[in-house]
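Each ligand, and each atom within it, is numbered from 1 in the order the structure gives. Please read these numbers as outputs of a predicted model, since none were measured by experiment.
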Amino acid sequence: MRKKIAIIGGGIIGCLSAIKLRESGFSVVIVEKNKIGEESSWAGAGILFPLMPWAYSSEVYNLCQNSSEFYEEFSKKLIRVTGVNPEFSKTGMKLIKPRTLEEIQQWSRKNSYEIKNSTFNKSPAILFPSVAQIRPPRLMKAIKLYINKLGINVVENTELCKLNNDEKILNKWGTKQGDPIEADYFIVTSGAWVSMIRPEYKNIIYPIRGQMIQYKASSLKINHILYFDGFYVLQRKDGVIIAGSTVEEVGFDKEIKAESLNYLKKKAEQVIPALKNIVVENHWVGFRPGTKDNIPVICKDKKYENIYINAGHFRYGITMAPKSAEIINSLLVESKL
Ligand SMILES: Cc1cc2nc3c(=O)[nH]c(=O)nc-3n(C[C@H](O)[C@H](O)[C@H](O)COP(=O)(O)OP(=O)(O)OC[C@H]3O[C@@H](n4cnc5c(N)ncnc54)[C@H](O)[C@@H]3O)c2cc1C
């Protein structure tokens, strides 16, 4: 009989893990406390590149590699099967006024990653021609429909409780709504909320708030993702412009303040002064699953034999999701329980 896997949390990490495990022949259920894809994975910019890979350990770039190729193909499949276009687009990224030119050139040579000298409004810039973007709310909408077609069971509005079980192997995990979830294996993909159900991960995975704004579509055209002084501005296919983001360690505070809006506008308008004349139509918050050095936890749980963790992808979870799903799938396929 097929082994049953319960995936706890329906963000991009839970969903791509579910798809991979279903393809390997497991019976899969995703249990989500709200609705699929409405937290961090909805809020992201969808840049499929770790913005400054030269500044991280090579593990970060390794987890991000081939992500763009994956999403290019996956998007075609999602459009075909669901009719929803996640707007994958290889727009390239321009890093304006790079501060560590030599380090970037060295990284590019070492990784055979193409970069080109360029300019932006007369300032020096580096163009990364193969950097792509995707539109997270549409990606998650398409994935939700796709998962349905694959026969992956989805249980929404159901929140797993904190574990206080002394046995090493868990057969049932209690929920706040009453009925427990039964499975042979559990995979915790609950993003910034991991430590609420597995407190051992409290100082390992924690929320890092990110805020972004969206400008109305106008006649302004931005060809590339623009990255300047730790801040990015990019345009979607329908013309809206996204700018962000903040990186704040403030717990799960969802409040949006006027001063944050002013900060985000000021940073965006530093890159493109013409934005001053365009209306900001949206401003939102997301909770990244923060980790030290941006390296996620993808392994067996510290305590339970049949629980695995796939979380803590911090700033690059959309980008890292395909590789993380492959890793968790290999661990489960090799598991001898
Ligand atoms: C402003 C911003 C910009 C970003 N930009 C990018 C970018 O350009 N590129 C990129 O690659 N990444 C980006 N990211 C990061 C990326 O969005 C995250 O790393 C990624 O979404 C994490 O995915 P996840 O599935 O782990 O978490 P989430 O999407 O948060 O999913 C976790 C899910 O678990 C559920 N859950 C929690 N607790 C429980 C429970 N007890 N029981 C059941 N369900 C539970 C939650 O409701 C949630 O739906 C950005 C993030 C933000 C906030």
Side-chain angles (χ1 to χ4, degrees), residues 6-18 29-51 60 63-64 67-68 71 93 131-137 139-140 143-144 154-163 173-177 181 186-198 201 205 207-214 225 227 231-232 234 242-248 252 254 260 264 283-291 294 296-298 309-325 328:
I7 297 197
I8 301 158
I12 190 71
I13 302 297
C15 289
L16 290 200
S17 300
V29 57
I30 302 178
V31 188
E32 164 56 52
K33 73 172 172 168
N34 299 316
K35 299 266 182 241
I36 294 283
E38 293 191 354
E39 289 291 350
S40 190
S41 303
W42 175 93
I47 301 168
L48 300 174
F49 186 69
L51 296 173
V60 170
L63 282 164
C64 293
S67 174
S68 185
Y71 281 109
M93 178 179 92
V131 172
Q133 58 164 296
I134 202 155
R135 192 164 184 167
L139 173 67
M140 295 314 298
I143 287 179
K144 188 172 176 179
V154 173
V155 181
E156 291 184 320
N157 303 312
T158 302
E159 182 171 353
L160 276 291
C161 297
K162 187 164 106 184
L163 277 183
W173 195 328
T175 70
K176 290 202 172 159
Q177 285 65 25
I181 302 295
F186 297 86
I187 304 178
V188 178
T189 56
S190 54
W193 294 266
V194 165
S195 71
M196 291 195 174
I197 49 174
R198 296 292 303 112
Y201 293 88
I205 303 170
I208 302 284
R209 185 168 77 173
Q211 300 189 51
M212 301 232 287
I213 52 173
Q214 179 172 310
I225 298 161
Y227 187 46
F231 196 83
Y232 48 75
L234 56 94
I242 308 287
S245 56
T246 60
V247 181
E248 306 160 87
F252 288 104
K254 268 213 164 168
S260 311
L264 290 162
H283 177 184
W284 64 87
V285 160
F287 297 109
R288 306 178 184 93
T291 35
N294 248 294
V297 179
I298 313 175
I309 311 287
N310 187 8
H313 297 74
F314 198 3
R315 298 196 71 181
Y316 308 117
I318 308 277
T319 314
M320 288 175 172
K323 194 61 73 66
S324 304
I328 206 77

Novice: Is there a polar contact between ligand 1 and Lys33, counting only N or O atoms under 3.5 Å apart?
Specialist: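 N/O-N/O distance under 3.5 Å: yes.
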Novice: Between Leu160 and ligand 1, is there a nitrogen or oxygen pair with a distance under 3.5 Å?
Specialist: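 Right, the criterion is met.
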Novice: With a 4.5 Å limit on heavy-atom distance, are the side chains of Gln177 and Glu159 in contact?
Specialist: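 Gln177 vs Glu159: side chains touch.
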Novice: Specify the protein heavy atom at minimum distance from atom 15 (C) of ligand 1: its residue, its atom name, and the distance to 0.1 Å.
Specialist: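 Result for atom 15 (C) of ligand 1: Phe314 O, 3.2 Å.
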Novice: Going by the atom numbers of ligand 1, which of them fall below 4.0 Å from some non-hydrogen atom of Gly46?
Specialist: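 Counting atoms of ligand 1 from 1, those under 4.0 Å from Gly46 are 7 (C), 8 (O).
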Novice: Which protein non-hydrogen atom lies closest to atom 5 (N) of ligand 1, naming both residue and atom, and how far is it?
Specialist: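 Residue, atom and distance for the closest contact: Ala45 N, 3.0 Å.
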Novice: What closest approach, in Å, do Tyr201 and Ser195 show between heavy atoms, and which atom pair accounts for it?
Specialist: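 It is C-CB, 3.9 Å.
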Novice: Just to check, does Gly244 reach to within less than 4.0 Å of ligand 1 when the distance is taken from its heavy atoms?
Specialist: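 Outside the 4.0 Å threshold, so no.
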Novice: Do any nitrogen or oxygen atoms of Gly44 lie less than 3.5 angstrom from nitrogen or oxygen atoms of ligand 1?
Specialist: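 N/O-N/O distance below 3.5 Å does not exist for this pair.
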Novice: Side chain, backbone, both or neither: which applies to Arg209 and ligand 1 if a contact is any heavy-atom pair less than 4.0 Å apart?
Specialist: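 It is neither; nothing of Arg209 touches ligand 1.
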Novice: At what distance is the nearest protein heavy atom to atom 27 (O) of ligand 1, and which residue and atom is it?
Specialist: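 Result: Gly191 CA, 3.8 Å.
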Novice: Could you tell me whether the side chains of Ser260 and Arg209 share a donor-acceptor contact shorter than 3.5 Å?
Specialist: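 No pair is found: no donor N or O on one side chain lies under 3.5 Å from an acceptor on the other.
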Novice: Is a side-chain donor or acceptor of Thr319 paired with a backbone partner of Gly317 at a separation under 3.5 angstrom?
Specialist: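 Checked: no pair found.
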Novice: Return the set of residues passing side-chain contact (heavy atoms from CB on, under 4.5 Å) with Ala325 (not counting sequence neighbours), or none when no residue passes.
Specialist: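 Ala325 satisfies side-chain contact (heavy atoms from CB on, under 4.5 Å) with Leu16, Ser17, Lys20 only.
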Novice: Identify the two heavy atoms, one from Gly210 and one from Arg288, that lie closest to each other, and give their separation to 0.1 Å.
Specialist: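 That closest heavy-atom pairing would be CA-NH1, 3.4 Å.
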Novice: Judging by distance only, is a nitrogen or oxygen of Arg288 under 3.5 angstrom from one on ligand 1?
Specialist: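 Such a contact does not occur with ligand 1.
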Novice: Can you find an N/O atom of Ala43 closer than 3.5 Å to an N/O atom of ligand 1?
Specialist: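 Between Ala43 and ligand 1, no N or O pair is found under 3.5 Å apart.
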Novice: Return the closest protein heavy atom for atom 47 (O) of ligand 1 as residue, atom name and distance.
Specialist: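 Its nearest protein heavy-atom neighbour is Glu32 OE2, 2.6 Å.
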Novice: Before signing off on this row, confirm whether Gly286 and ligand 1 have an N or O atom pair separated by under 3.5 Å.
Specialist: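 No; every N/O pair is 3.5 Å or more apart.
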Novice: Is Ile208 in contact with ligand 1, taking contact as a heavy-atom separation below 4.0 Å?
Specialist: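 For ligand 1, residue contact (heavy atoms, under 4.0 Å) with Ile208 is absent.
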Novice: Return yes or no for this condition: an N or O of Trp193 is under 3.5 Å from an N or O of ligand 1.
Specialist: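 No: no nitrogen or oxygen of Trp193 is under 3.5 Å from one in ligand 1.
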Novice: Considering only heavy atoms of Ile12, which atoms of ligand 1 have at least one such atom less than 4.0 Å away?
Specialist: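 With Ile12 as reference, the close atoms of ligand 1 come out as 23 (O), 25 (O).
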Novice: For ligand 1, which atoms have a heavy atom of Ile197 less than 4.0 angstrom away?
Specialist: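 Listed by number with element, the hits are 41 (N).
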Novice: If you take the nearest heavy atom of each of Gly210, Cys64, Ser190, which one is closest to atom 37 (C) of ligand 1?
Specialist: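 Of the listed residues, Ser190 has the closest heavy atom.
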Novice: Measure the distance from atom 23 (O) of ligand 1 to every protein heavy atom, then report the residue, atom name and distance (to 0.1 Å) of the closest one.
Specialist: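 Here the nearest protein heavy atom works out to Ser41 OG, 3.2 Å.
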Novice: Tell me, please, which residues at least two apart from Tyr227 pass side chain to side chain donor-acceptor pair (under 3.5 Å).
Specialist: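 By the side chain to side chain donor-acceptor pair (under 3.5 Å) rule, Tyr227 matches no residue at all.
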Novice: Polar-atom distance check: Ser245 versus ligand 1, any N or O pair below 3.5 Å?
Specialist: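 Ser245 vs ligand 1: no N/O contact under 3.5 Å.
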Novice: Using a 3.5 Å cut-off on N or O atoms only, is Ile47 in polar contact with ligand 1?
Specialist: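 Yes, at least one N or O pair falls under 3.5 Å.
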Novice: Could you tell me whether Lys144 and Glu32 have a side-chain N and a carboxylate O separated by less than 4.0 Å?
Specialist: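 Salt bridge between Lys144 and Glu32, a charged N being under 4.0 Å from a carboxylate O: no.
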Novice: Using a 4.0 Å heavy-atom cut-off, say whether Ile13 meets ligand 1 through its side chain, its backbone, both or neither.
Specialist: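 Under 4.0 Å from ligand 1, Ile13 contributes backbone and side-chain atoms.
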Novice: Which protein non-hydrogen atom lies closest to atom 11 (O) of ligand 1, naming both residue and atom, and how far is it?
Specialist: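 Nearest protein contact, heavy atoms only, for atom 11 (O) of ligand 1 is Thr319 OG1, 2.7 Å.
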Novice: Heavy-atom distances under 4.0 Å are what count here, so tell me which part of Val31 touches ligand 1: side chain, backbone, both or neither.
Specialist: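 The answer is the backbone of Val31.
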Novice: Looking only at heavy atoms of Tyr232, does any of them come nearer than 4.0 Å to an atom of ligand 1?
Specialist: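 Contact present.
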Novice: Is it the side chain (CB and beyond), the backbone, both or neither of Leu48 that lies under 4.0 Å from ligand 1, heavy atoms counted?
Specialist: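 Answer for Leu48: neither.
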Novice: Heavy-atom distances under 4.0 Å decide this one: backbone, side chain, both or neither, for Thr158 against ligand 1?
Specialist: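 Near ligand 1, Thr158 shows its backbone, while the atoms from C-beta on stay back.
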Novice: Under 4.0 Å from any heavy atom of Tyr316, which atoms of ligand 1 are there?
Specialist: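 Reading through ligand 1 atom by atom, the close ones are 10 (C), 11 (O), 12 (N).
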Novice: Heavy-atom contacts with Thr189 under 4.0 Å: which atoms of ligand 1 show up? List them by number with element.
Specialist: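 With Thr189 as reference, the close atoms of ligand 1 come out as 32 (C), 34 (O).
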Novice: What is the closest protein heavy atom to atom 14 (N) of ligand 1, and at what distance does it sit?
Specialist: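 Looking at atom 14 (N) of ligand 1, the protein heavy atom closest to it is Arg315 O, 3.4 Å.
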Novice: What is the nearest protein non-hydrogen atom to atom 34 (O) of ligand 1, stated with its residue, atom name and distance?
Specialist: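 Here the closest protein heavy atom is Gly9 CA, 3.2 Å.
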Novice: Does ligand 1 have an atom that lies less than 4.0 angstrom from a heavy atom of Ala192?
Specialist: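 For ligand 1, residue contact (heavy atoms, under 4.0 Å) with Ala192 is absent.
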Novice: Which of the numbered atoms in ligand 1 are below 4.0 angstrom from a heavy atom of Ile8?
Specialist: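 Near Ile8, the atoms of ligand 1 are 42 (N), 43 (C).
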Novice: Looking only at distance, does Ser40 have an N or O less than 3.5 Å from an N or O of ligand 1?
Specialist: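 It does: an N or O of Ser40 is found under 3.5 Å from an N or O of ligand 1.
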Novice: Start with the C-alpha distance between Gln214 and Trp284, add both sets of side-chain angles, then the distance that settles side chain to side chain contact (heavy atoms under 4.5 Å, CB included), and finish with yes or no.
Specialist: CA-CA 9 Å; Gln214 179 172 310; Trp284 64 87; 3.7 Å; yes
